[in-house]
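These figures come from a predicted structure and were not determined experimentally.
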2 protein chains.
Amino acid sequence: MPSVPKTAESADKPSRPTAARKRTGQTDERIHGEIYAAIINHQIRPAMPLQEDALATAFGVSRTIIRKVLQRLAHEKLVDLIPNKGAFVAKPSIEEARQVFEARRGVECILVAKLAATVTDDEIGRLASLLAEEADALARTDRKRRLQLSGDFHLELATLAGNAVMRGFVQELVSRTSLIIALYESPGAVPCSQSEHSDIIDALKRRDGAAAARVMEHHLRHIEAQIELADQPLRVDFSTLFKPVN
Amino acid sequence: MPSVPKTAESADKPSRPTAARKRTGQTDERIHGEIYAAIINHQIRPAMPLQEDALATAFGVSRTIIRKVLQRLAHEKLVDLIPNKGAFVAKPSIEEARQVFEARRGVECILVAKLAATVTDDEIGRLASLLAEEADALARTDRKRRLQLSGDFHLELATLAGNAVMRGFVQELVSRTSLIIALYESPGAVPCSQSEHSDIIDALKRRDGAAAARVMEHHLRHIEAQIELADQPLRVDFSTLFKPVN
DNA sequence: TCGACCCCTTCTGTATACATTCGGTGGGGT
DNA sequence: ACCCCACCGAATGTATACAGAAGGGGTCGA
């Protein structure tokens, strides 16, 4: 993967003098993918500004394309577009985070229950291989890859469930969860899930939809619990933090 | 509401010679709203082309704004954007329609059950007044308004439930349902629901979440059943339709 | 010294000009 | 008569030029 765009990048890399590549259409797709990945992987953190000119020169295109991509990201709730101010990586509030998790519990529990009724051994195998990759990333303490794979696992569940509409919802929710984690996770914690993903697979193997939904609900509450803790720490009370010396 | 844009409108209405109104920002919001309404109200039907130039002149803005609006509508699944071909009002397939209803059952049943736990008499009153308006539209056989109000009812339920994320999902699903109805409803039918909306309110009055969810599920299945019928009629078999004369 | 106002820079918002692609049409060849 | 190819028009895709807003810094005045 070539250079991920940082916010104020060394912009003096012309990259394509307008005649290098045929670049006709589908360029914005690639650029969207790169910025999306950079946000999801926490290479660009919440509230960071996404300046149009900087991105345009970084990717070697005009602001037109960048604006299109930014608007798409805004609709995906990964970017806040503030009129006359610019684009910023979204910074979901605590309340918003709560609602995202509530929505995930609703949607994903339904999906996993539905999936249990139709899942094939083949599909379970695919999920298991994702789980194995996740375990590998855990072993190598590759935090970024693990977060990525954890999201992929949920997304694969949604895909296999066979409802494209709801899969779209899950994709958005998983992305937003990644932002929430970037904002609110306590730095040390999160040896989370992993075994819970395994539990979900077990329930699917037994074709026990109710159990699968129960495990999923527990799993999501678990993730949220690890994060909601950050509710307090974020409100720094300066008067207690910096006590008068007197 | 001023002139709704039709596809190939009388484009010779300059409307604003670039100096009439201050128009700085939030114009696209208005244009989005107008096109959105035109699609939802079936003034523009599925598969109709939305030509950029025609819309631009109709609204007195440049293609830039129109393109922005079209892309937003595309993300909302109301418009299909075909590269190098243009924008068309979305034409959801039968399978897509099925999935939209399945998603609605999932999401809205959860929401209404959640709402039952927190709803106030005031809020029930607001729902009741929407129901009354709907009854009025039914009495006056104002089909368009009735469809609109029916959607509003579901959207209001989602709003009151207090989860903005899921409310967004419902909004998208209700919009798409409107497209589906435009495509697949049998022309004569649909004296549907109405009483079922009333049933939902009754369940909420009793604060009976389980019942409310049950009624909602039944309601949505009912709507879908009236439409899925169109599955057959759409496959016209010419060899039976045009029998040889002899 | 402090505050208010104005200019100036920098960025976003919009319009316009240019490039490219697609489909249709007409002419020529087989 | 049919098919193929090349041109042409129309609409989309992209870049650029221009206008407007917001924030900062500096200067002038009290």
Side-chain angles (χ1 to χ4, degrees), chain A residues 5-9 11-32 35 47-75 79-90, chain B residues 5-9 11-32 34-35 44 47-75 79-90:
Chain A
K6 296 189 181 57
T7 309
E9 196 164 10
D12 51 356
K13 184 183 59 177
S15 180
R16 284 173 211 81
T18 223
R21 197 175 296 176
K22 193 57 171 299
R23 179 171 37 67
T24 173
Q26 99 261 358
T27 317
D28 48 347
E29 194 65 31
R30 184 181 62 85
I31 295 178
H32 172 271
I35 299 183
M48 267 193 178
L50 299 169
Q51 222 179 127
E52 297 177 359
D53 261 325
L55 291 170
T57 57
F59 284 107
V61 297
S62 77
R63 280 176 51 216
T64 308
I65 308 286
I66 299 299
R67 283 178 71 85
K68 193 202 298 192
V69 170
L70 288 177
Q71 271 165 354
R72 178 168 164 198
L73 289 167
H75 203 115
V79 158
D80 284 339
L81 236 43
I82 303 177
N84 290 323
K85 299 269 294 199
F88 303 84
V89 178
Chain B
K6 297 189 180 56
T7 309
E9 195 163 12
D12 51 354
K13 184 184 59 177
S15 182
R16 285 171 210 82
T18 222
R21 198 174 297 176
K22 192 57 173 301
R23 179 173 37 65
T24 171
Q26 99 261 359
T27 317
D28 49 347
E29 193 65 30
R30 183 181 63 86
I31 295 178
H32 172 272
E34 291 203 30
I35 300 182
I44 323 180
M48 268 194 176
L50 299 169
Q51 218 176 59
E52 298 178 359
D53 263 325
L55 290 171
T57 57
F59 285 106
V61 296
S62 77
R63 280 176 51 218
T64 310
I65 308 285
I66 300 298
R67 283 178 71 85
K68 192 203 295 194
V69 169
L70 289 178
Q71 272 165 351
R72 178 168 164 198
L73 289 167
H75 202 114
V79 158
D80 284 339
L81 238 42
I82 303 178
N84 290 323
K85 299 270 297 196
F88 304 83
V89 178

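- The nearest whole Å value for the distance from the CG atom in A/Leu70 to the C1' atom in C/dC11 is 13 Å.
- Base pairing in DNA chain D gives the following stems of 3 or more Watson-Crick or G-U pairs, range against range and under 3.5 Å: C:1-30 with D:1-30.
- From B/Asp80, atom CG reaches atom NZ of B/Lys85 across 12.5 Å, with rounding to the nearest 0.5 Å.
- Separating the CZ atom of B/Arg63 from the P atom of D/dA17 is a distance of 18 Å, rounded to the nearest angstrom.
- Every residue meeting the salt bridge (charged side-chain N to carboxylate O under 4.0 Å, His left out) condition with B/Arg72, not counting sequence neighbours, appears here in chain and number order: B/Glu29, B/Glu76.
- Distances from the side chain of B/Asn84 to the nucleotides C/dT21, C/dT12, C/dA15 place C/dT21 closest.
- Spacing between atom CD of A/Glu29 and atom P of D/dT14 amounts to 12 Å, rounded to whole angstrom units.
- Between the CD1 atom in B/Ile66 and the CD atom in B/Gln51 there is a gap of 12.0 Å [rounded to 0.5 Å].
- Under the rule for a side chain to side chain donor-acceptor pair (under 3.5 Å), the partners of A/Glu52 that lie at least two apart in sequence or sit in another chain are A/Arg63, A/Arg67.
- For B/Gln51, no side-chain nitrogen or oxygen approaches OP1 or OP2 of D/dT12 to under 4.0 Å.
- Between B/Gly86 and A/Pro83, it is B/Gly86 whose nearest contact on DNA chain D lies nearer the 5' terminus.
- Side-chain contact between A/Ile35 and A/Phe59 is present, with at least one heavy-atom pair separated by less than 4.5 Å.
- The CG atom of B/Asp28 lies 11.5 Å from the CG atom of B/Leu70; values are rounded to the nearest 0.5 Å.
- Put simply, CZ on A/Arg30 is 12 Å from P on D/dT14, counting in whole angstrom units.
- Taking every heavy atom of both residues into account, B/Val69 and B/His32 meet most closely at CG1-CA, 3.7 Å.
- With C/dA15, C/dG23, D/dA17 as the candidates, the nucleotide lying closest to the side chain of B/Lys85 is C/dG23.
- For A/Arg67, a side-chain nitrogen or oxygen approaches OP1 or OP2 of C/dG13 to under 4.0 Å.
- To the nearest angstrom, C1' of D/dT16 lies 15 Å from CD1 of A/Ile66.
- Atom CZ of B/Phe59 and atom C1' of C/dT14 are 17 Å apart (whole Å).
- Atom CD in B/Gln71 sits about 12 Å away from atom P in D/dT12, given to the nearest Å.
- Residue A/Phe88 contributes atom CZ, which lies 13 Å from atom P of D/dA22 at whole-angstrom precision.
- Using a 4.0 Å cut-off, some side-chain N or O of A/Lys68 falls inside it from OP1 or OP2 of D/dT14.
- Here the side chain of B/Asp53 is nearest to one of C/dA15, C/dT12, D/dT12, namely D/dT12.
- The side chain of A/Ser62 contributes an N or O atom lying less than 4.0 Å from OP1 or OP2 of D/dA15.
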